[in-house]
Amino acid sequence: MKVLILISMLALSCHGQHQHQHHNQHHSANNIPRDEKPDHHRHEDLRETSTWIPILKYNKEQSEDGSYKTEYETGNNIIHEETGFLKDFDTNPNGVLVQHGQYSYQSPEGQLVNVQYTADENGFRATGDHIPTPPAIPEEIQKGLDQIYAGIKLQQERLEQRAKTDPDFARKLEERRVANQNGQYIGLLENQ
């Protein structure tokens, strides 16, 4: 009987060790036993590294009126300067943020890239030698655009003249202006 108990304990012990090894093999990444996995599949080898770039210079000045000036330079030769201020409190309750700045960096090809920019109520506008410039508008197309613009201007003058003598038309013209500002289109008013 003692021999049978000893054999049972030994079998249970071997079975437990086999289960432990089996568990480790089947619960590793991609169900590949740890000792059979290639090195490039190990978690330690999947870490990505990046080069640390020091900030060589950083300065920011903030005024009580909301205007500011900021500048920084990095160890990989990025240089940035910017000024900003708020304007037009009368027409816009929050004002309009105006930003002027410039930055430079070295392209992957080794060229120094300089950019000057302005951002305001008219959007973001940048200039730099690396920015492609559109070709000049051909003379014939420019003449056509000028004629279209002159026609629009003449039509607007007629509408405003009529609005001076017709209060109902003036109201409709104002409704059209507001609708156009909101991205809607009412249609022509000249024949109404």
Side-chain angles (χ1 to χ4, degrees), residues 50 53 55-192:
S50 59
I53 307 295
I55 303 296
L56 303 177
K57 177 181 176 181
Y58 179 81
N59 187 16
K60 182 164 186 174
E61 300 170 16
Q62 184 77 46
S63 299
E64 289 181 20
D65 64 358
S67 62
Y68 69 90
K69 179 180 180 179
T70 184
E71 59 184 335
Y72 65 83
E73 182 178 349
T74 65
N76 60 345
N77 297 321
I78 296 174
I79 300 172
H80 180 244
E81 298 176 357
E82 180 177 286
T83 60
F85 62 93
L86 293 171
K87 74 171 192 175
D88 290 341
F89 285 106
D90 299 335
T91 57
N92 188 328
N94 296 322
V96 174
L97 178 61
V98 177
Q99 298 169 293
H100 298 287
Q102 62 183 9
Y103 59 89
S104 64
Y105 62 92
Q106 190 168 15
S107 75
E109 297 79 28
Q111 296 176 335
L112 184 63
V113 177
N114 290 303
V115 178
Q116 297 80 35
Y117 63 89
T118 297
D120 56 19
E121 67 274 14
N122 298 315
F124 180 85
R125 298 170 310 283
T127 59
D129 292 340
H130 68 293
I131 298 174
T133 56
I137 297 174
E139 187 178 334
E140 297 81 21
I141 293 175
Q142 186 61 55
K143 284 179 184 176
L145 292 172
D146 291 342
Q147 288 175 351
I148 291 169
Y149 178 72
I152 292 170
K153 187 176 178 184
L154 181 61
Q155 180 187 28
Q156 186 63 34
E157 289 171 359
R158 286 182 189 152
L159 293 175
E160 290 173 5
Q161 190 64 32
R162 182 174 170 192
K164 290 179 182 178
T165 60
D166 184 349
D168 187 46
F169 185 78
R171 180 185 51 77
K172 289 179 184 179
L173 188 62
E174 180 60 20
E175 287 173 1
R176 178 181 182 219
R177 187 190 64 75
V178 170
N180 287 342
Q181 265 185 334
N182 294 329
Q184 302 165 335
Y185 181 70
I186 291 181
L188 297 175
L189 294 178
E190 251 183 8
N191 298 327
Q192 293 184 4

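Starting from 1, each residue takes its place in the sequence as its number.
Heavy-atom minimum distance, Ala163 versus Ala170: O-CB, 3.5 Å. Of all heavy-atom pairs spanning Leu86 and Asp65, the tightest one is CD1-O, 4.4 Å.
Partners of Glu81 under the side-chain hydrogen bond (donor to acceptor under 3.5 Å, both in side chains) rule, at least two apart in sequence or in another chain, are Gln102. Residues that satisfy the side chain to side chain contact (heavy atoms under 4.5 Å, CB included) test with Thr127, not counting sequence neighbours, are Gln116. Residues meeting the side-chain hydrogen bond (donor to acceptor under 3.5 Å, both in side chains) test with Asp120, sequence neighbours left out: Arg125. Residues satisfying the side chain to side chain contact (heavy atoms under 4.5 Å, CB included) test with Tyr105, not counting sequence neighbours, are Ile78, Tyr103, Val113. Partners of Ser104 by side-chain hydrogen bond (donor to acceptor under 3.5 Å, both in side chains), not counting sequence neighbours: none found. Legend: residues meeting side-chain hydrogen bond (donor to acceptor under 3.5 Å, both in side chains) with Glu82, ordered by chain and number and at least two apart, are Tyr68, Gln99, Tyr117.
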Stepwise side-chain contact (heavy atoms from CB on, under 4.5 Å) check, Arg176 with Leu159: CA-CA 11 Å; Arg176 178 181 182 219; Leu159 293 175; 3.5 Å; yes
Quick one: do Glu175 and Val178 satisfy side-chain contact (heavy atoms from CB on, under 4.5 Å)? Show the steps, please. CA-CA 5 Å; Glu175 287 173 1; Val178 170; 5.9 Å; no
Could you walk me through whether His130 and Val115 pass the side-chain contact (heavy atoms from CB on, under 4.5 Å) check? CA-CA 8 Å; His130 68 293; Val115 178; 3.2 Å; yes
Begin from the C-alpha positions of Asn59 and Glu61 and carry the test side-chain contact (heavy atoms from CB on, under 4.5 Å) through to its verdict. CA-CA 7 Å; Asn59 187 16; Glu61 300 170 16; 3.7 Å; yes
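A salt bridge does not link Glu71 with Lys60: every distance from a Lys NZ or Arg NE/NH1/NH2 to an Asp or Glu carboxylate oxygen is 4.0 Å or more. A salt bridge does not link Glu174 with Arg171: none of the charged nitrogens is closer than 4.0 Å to a carboxylate oxygen.
Taking the side chain as every heavy atom from C-beta outward, Glu139 and Lys143 approach each other to under 4.5 Å.
To the nearest 0.5 Å, the span separating CG on Leu154 from CD1 on Ile152 amounts to 11.0 Å. Rounded to the nearest 0.5 Å, atoms NZ (Lys153) and CG (Asp146) are 11.5 Å apart. Remark: Asp168 CG to Arg162 CZ distance equals 9.0 Å, nearest 0.5 Å.
Residues Glu160 and Gln156 bring a donor and an acceptor atom of their side chains to less than 3.5 Å of each other. Between the side chains of Thr83 and His100, no donor-acceptor pair is found at a separation under 3.5 Å.
With a 6.0 Å radius and a threshold of 12 heavy atoms from other residues, nucleotides or ligands, Phe124 has its CZ atom above the threshold.
Taking the six-membered ring where the residue is Trp, His80 and Tyr72 present tilted rings, their angle falling between 30° and 60°.
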